[in-house]
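Below: one structure, written as structure tokens.
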Amino acid sequence: MAKLINTRSPFYIKVYHSLLFEAKLQLYIYEGVKDTTPDAADLKYTIQKAELGGNNYVVFEISELVRDYIETKYDGEYDSYTVWVNPVVTAFQSNGSTISSPTVTPSDYASQFIATDGYGYFEEGINPDFDEGLMMSEGTIYRVNDRSVNIPVSTETTNSVSFLLNGETVYSKLIDYADPANPTTSETIQYVASDDNSEADNYKERVLEDGGIFEDNTLLGDFFNGADVGLIDEVYINYTDSTETKTKVLKVKTFDCSKYEPIRVTFVNKYGALQDLYFTRRSNESINIESSDYKASVLDFGNFSYDTSEHQMRTLNLMGKESITLNTDYIDESCNEHIKQLMLSEQVWMTRLTDEEKIVPLKVKTQSLQMKKRVNDKLIQYTMEFDVAADKINNIR
């Protein structure tokens with residue numbers, strides 16, 4: 001089982017030996033099939049450091065270097081964005097001879113690491129690892145009518161994912177690499193959908209995917225909106241921790257129908273996986289304009305006059321930036337951790353759940369949010385502001 005590197009937090013490799021004078025780190029980073037002996041082309045960095053102060057050790061911090069090679073994207077599909085990392089350490093004495101067996105921490109450094117765009121909390125200590133199957137924090141999750149939920153899990157540690165309704169299994173999936181002997185980064189994180197299809201998560205999309213013809217009219221829309229094909233209330237994630245098999249349970253609740261348009265916000269969570277949150281209450285959109293002004297001369301000396309319909313005060317480089325304010329429904333207190341991770345995310349997208357789903361990149365604008373507790377606030381609901389992460393006027397050159 002490969003150790004995890006959370007690239008938004010520091011990851012340290014320590015080399016120690018009583019005769020250590022200098023250490024060299026060769027860092028191989030690559031995507032695709034795991035290779036115990038990476039190609040020379042996968043060598044991205046070579047770092048050489050001398051020990052200082054007679055401590056006989058050298059420490060390398062590699063997470064920022066690795067993060068340059070991870071680019072998480074979301075275009076409506078839930079894909080795995082990870083890289084293999086293979087550090088090769090060589091230790092030297094003061095006379096230049098090689099030390100055959102230096103002490104390297106973490107002790108499993110010689111094995112392949114898996115790196116994600118995740119992070120650890122301060123209280124989780126140095127080099128926080130992950131081996132609990134579920135690649136999102138526990139708590140109640142929510143869905144809207146006739147929509148599936150996508151559960152991110154680690155293929156390395158997860159055995160199976162089961163979706164239940166009233167104690168009965170609705171759907172279950174075994175988790176493994178397509179070719180376990182040759183694991184690949186594209187399968188390191190698997191997103192398991194409650195309807196066994198993470199790309200078609202409503203009635204219309206399922207019909208079209210199966211090659212059917214969908215007749216779009218108001219009466220049929222009202223009829224199928226009243227159905228809920230993917231209704232579930234629990235998710236069981238079975239995983240192996242060292243040699244012990246354990247289970248994590250997610251509670252699932254379905255939002256009641258609302259007069260407001262539901263909006264799905266997808267973000268990269270602390271594990272480096274894509275996670276969804278639904279905002280099903282009122283939303284407000286606004287636009288902010290930025291520009292430079294200058295005064296132009298409109299005088300026509302030839303005719304010794306000027307046109308009174310011309311602009312004397314003119315605008316230069318006018319750009320518009322849109323913002324949106326979203327409101328959650330009343331949610332469980334366990335969702336506080338999910339809200340917190342959304343605020344800490346650097347990559348966020350919004351999907352309007354209409355017939356033509358449109359994905360919009362967002363940037364979290366809310367800088368401060370008081371975490372609510374049921375004992376204090378009775379009902380828990382959050383309002384968050386976002387900026388659209390693009391100018392309104394196309395200025396891509």
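Along the sequence shown, residues carry numbers from 1.
In this structure, T158 contributes its side chain and S154 its backbone to a donor-acceptor pair below 3.5 Å. Here the side chain of D35 pairs a donor or acceptor atom with the backbone of T37 at under 3.5 angstrom. In this structure, the side chain of T7 engages the main chain of T116 through a donor-acceptor pair within 3.5 Å. Of the possible polar contacts, one joining the H338 side chain to the S137 backbone as a donor-acceptor pair under 3.5 Å is found. In this structure, the side chain of E51 engages the main chain of N55 through a donor-acceptor pair within 3.5 Å. Remark: the backbone N or O of F304 is not paired with any side-chain donor or acceptor of D300 at under 3.5 angstrom. Of the possible donor and acceptor atoms, none in the side chain of N182 sits under 3.5 Å from a partner among the backbone N and O of K34. Side chain of Q347 to main chain of T72: a donor-acceptor pair is present (N/O by atom type, distance under 3.5 Å, no hydrogens or angles). Panel note: side chain D377, backbone K373; a donor-acceptor pair is recorded below 3.5 Å. Without hydrogens or angle criteria, S63 side chain to S9 main chain gives a donor-acceptor distance under 3.5 Å.
When the options N336, T328, T366, D329 are evaluated for a side chain to side chain donor-acceptor pair (under 3.5 Å) with Y382, the one that passes is N336. The salt bridge (charged side-chain N to carboxylate O under 4.0 Å, His left out) with E261 is formed by just one residue from the set K358, R352, R281; it is R352. Checking N159, T240, T157, D241 one by one against K246, the side chain to side chain donor-acceptor pair (under 3.5 Å) holds for a single residue, D241. The only member of L362, V268, V360, D387 that meets side chain to side chain contact (heavy atoms under 4.5 Å, CB included) when paired with V348 is L362.
For the pair I232/L164, no side-chain contact is recorded, criterion being any heavy-atom separation below 4.5 Å from C-beta on. L25 has its side chain out of reach of T46: every pair of non-hydrogen atoms, C-beta onward, lies at least 4.5 Å apart. At a threshold of 4.5 Å between non-hydrogen side-chain atoms, the residues K49 and F60 count as touching. Under the 4.5 Å side-chain criterion, counting only non-hydrogen atoms from C-beta, Y278 is in contact with R147. Within the 4.5 Å cutoff, no side-chain heavy atoms of L274 are placed close to those of N150. No side-chain heavy atom of L27 sits less than 4.5 Å from a side-chain heavy atom of K44. Using a 4.5 Å heavy-atom cutoff, the side chains of V235 and V161 are in contact. The shortest side-chain heavy-atom distance between I189 and V153 does not fall under the 4.5 Å cut-off.
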Practice problem: May I have the step-by-step check of side chain to side chain contact (heavy atoms under 4.5 Å, CB included) for Y12 and I126, ending in yes or no? | Solution: CA-CA 8 Å; Y12 298 101; I126 193 170; 3.5 Å; yes

Quiz item: Can you check side-chain hydrogen bond (donor to acceptor under 3.5 Å, both in side chains) on N327 and Q381, steps first, answer last?
Solution: CA-CA 7 Å; N327 289 275; Q381 185 268 338; 3.2 Å; yes

Quiz item: After noting the C-alpha distance and the side-chain angles of T140 and V252, does the key distance pass the side chain to side chain contact (heavy atoms under 4.5 Å, CB included) rule?
Solution: CA-CA 6 Å; T140 300; V252 183; over 6 Å; no

Quiz item: What's the verdict on side-chain hydrogen bond (donor to acceptor under 3.5 Å, both in side chains) for E285 and S323, showing C-alpha distance, side-chain angles and the deciding distance?
Solution: CA-CA 6 Å; E285 298 181 48; S323 299; over 6 Å; no

Quiz item: Yes or no on side-chain hydrogen bond (donor to acceptor under 3.5 Å, both in side chains) for N303 and S305, after CA distance, side-chain angles and deciding distance?
Solution: CA-CA 5 Å; N303 296 314; S305 65; 5.1 Å; no

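The environment of NZ in K248 is crowded: more than 12 heavy-atom neighbours from other residues, nucleotides or ligands sit within 6.0 Å. Other residues, nucleotides and ligands contribute more than 12 heavy atoms inside 6.0 Å of the CG atom of D307. Crowding of K73 atom NZ: a count of heavy atoms from other residues, nucleotides or ligands under 6.0 Å not exceeding 12. The neighbour count for Y330 OH, taken as heavy atoms of other residues, nucleotides or ligands under 6.0 Å away, does not exceed 12. No more than 12 heavy atoms of other residues, nucleotides or ligands lie within 6.0 Å of CZ in R282, so this atom counts as exposed by the packing criterion.
Less than 6.0 angstrom separates the ring centroid of Y78 from the ring centroid of Y191.
A salt bridge links E322 with K392: the distance from a Lys NZ or Arg NE/NH1/NH2 to an Asp or Glu carboxylate oxygen falls below 4.0 Å. In summary, R67 and E346 engage in a salt bridge, as defined by a charged side-chain N under 4.0 Å from a carboxylate O. Salt bridge status for E124 with K270: present, with a side-chain N to carboxylate O gap under 4.0 Å.
Considering only residues two or more places apart in sequence or on other chains, F11 meets the ring pair (Phe, Tyr, Trp, His ring centres under 6.0 Å) condition with F113. Not counting sequence neighbours, D39 has no partner by the side-chain hydrogen bond (donor to acceptor under 3.5 Å, both in side chains) test. Under the rule for a side chain to side chain contact (heavy atoms under 4.5 Å, CB included), the partners of I396 that lie at least two apart in sequence or sit in another chain are N394. For N6, there are no side-chain hydrogen bond (donor to acceptor under 3.5 Å, both in side chains) partners at least two apart in sequence or on another chain. The side-chain hydrogen bond (donor to acceptor under 3.5 Å, both in side chains) search around Q312 returns none, not counting sequence neighbours. A40 is linked by a side chain to side chain contact (heavy atoms under 4.5 Å, CB included) to nothing, counting only residues two or more places apart in sequence or in another chain.
Within the structure, every pair that satisfies the salt bridge (charged side-chain N to carboxylate O under 4.0 Å, His left out) test and touches residues 230-239, not counting sequence neighbours, is listed here: E234-K251. The side chain to side chain donor-acceptor pair (under 3.5 Å) contacts involving residues 160-178 comprise E156-Y177, S160-N238, S162-S172, Y171-D196, where partners must be two or more places apart or lie in separate chains. Residue pairs meeting the ring pair (Phe, Tyr, Trp, His ring centres under 6.0 Å) criterion with at least one partner in residues 248-271, sequence neighbours excluded, are F130-Y271, Y142-F255.
Nearest heavy-atom pair across Y30 and T185 is O-CG2, 4.4 Å.
Grouped with Y294 in one hydrophobic cluster are L316, the linkage being side-chain heavy-atom contacts under 4.5 Å among Ile, Leu, Val, Met, Phe, Trp and Tyr residues. F301 belongs to a hydrophobic cluster whose remaining members, ordered by chain and number, are V298, L299, Y306; membership requires side-chain heavy atoms of ILVMFWY residues under 4.5 Å apart, directly or through intermediates. Grouping Ile, Leu, Val, Met, Phe, Trp and Tyr by side-chain contacts under 4.5 Å, direct or through others, leaves V375 on its own.
Distance check: E310 CD to S297 OG gives 9.5 Å after rounding to the nearest 0.5 Å. To the nearest 0.5 angstrom, I324 atom CD1 is 12.5 Å from M384 atom CE.
Side-chain polar atoms of Q275 and T266 form no donor-acceptor pair below 3.5 angstrom. A side-chain N or O of S334 and one of D332 form a donor-acceptor pair less than 3.5 Å apart.
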